[in-house]
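Since the structure comes first, as structure tokens, the remarks are kept for the end.
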Amino acid sequence: EAELEWLLDNIPEAKAKYYMAIVQSRDAGILMQEALANELAGKFYLKIGDLLKAVPLFEEARRLYKAWGGIAKVRHLEQEIGYLFEN
């Protein structure tokens with residue numbers, strides 16, 4: 001739903017739906033889904049130019065993927081947006 005709102009250029013609603021996706025997946029205890037929700041929200045905020053929100057979401061996605069055991073996904077994420085993690 002968040003992705004659809006973004007495509008429809010409804011930014012406030014997209015933000016709310018990304019947040020809800022993260023909260024709902026966390027509440028359900030599904031690490032992979034929570035990681036993906038954080039990753040997609042991070043990509044959304046990156047595209048709209050909000051690095052202050054994007055970077056923590058990507059960091060959380062990376063942490064969750066590692067905890068889930070998705071090492072290949074962590075590597076892919078680091079290849080795709082690893083420059084954001086470098087200080």
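For Lys73, the salt bridge (Lys or Arg N to Asp or Glu O under 4.0 Å) criterion is met by Glu39, not counting sequence neighbours.
Atom CD of Glu1 has 12 or fewer heavy atoms from other residues, nucleotides or ligands within 6.0 Å.
Hydrophobic clustering of Ile, Leu, Val, Met, Phe, Trp and Tyr side chains at less than 4.5 Å, counting indirect connections, keeps Val74 apart from Ile30. Cluster annotation: Leu77 is not connected to Ile71 through the hydrophobic network of ILVMFWY side chains, with a link wherever side-chain heavy atoms come within less than 4.5 Å.
Between the CG atom of Leu31 and the CG atom of Leu64 there is a distance of 6.0 Å, given to the nearest 0.5 Å. Note that OH of Tyr45 is 13.0 Å distant from CG of Leu40, once rounded to the nearest 0.5 Å.
Counting only heavy atoms from C-beta outward, the side chains of Tyr18 and Glu5 never approach each other to under 4.5 Å. You'll find the side chain of Ile11 reaches within 4.5 Å of the side chain of Phe44, heavy atoms only. Looking at Lys15 and Ile48, their side chains come closer than 4.5 Å, going by heavy atoms from C-beta outward.
Minimum interatomic distance between Trp6 and Lys43 (heavy atoms only, all atoms of both residues): CH2-O, 4.1 Å.
Within the structure, every pair that satisfies the side chain to side chain donor-acceptor pair (under 3.5 Å) test and touches residues 19-31, not counting sequence neighbours, is listed here: Arg26-Glu34.
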What pairs of donor and acceptor atoms, side-chain ones from residues 51-62 against any protein atom, are under 3.5 angstrom apart with sequence neighbours left out?
residue: Glu60; atom: OE1; partner: Arg63; partner atom: NE; Å: 2.9
residue: Glu60; atom: OE2; partner: Arg63; partner atom: NH2; Å: 2.7
residue: Arg62; atom: NH1; partner: Glu78; partner atom: OE2; Å: 3.2

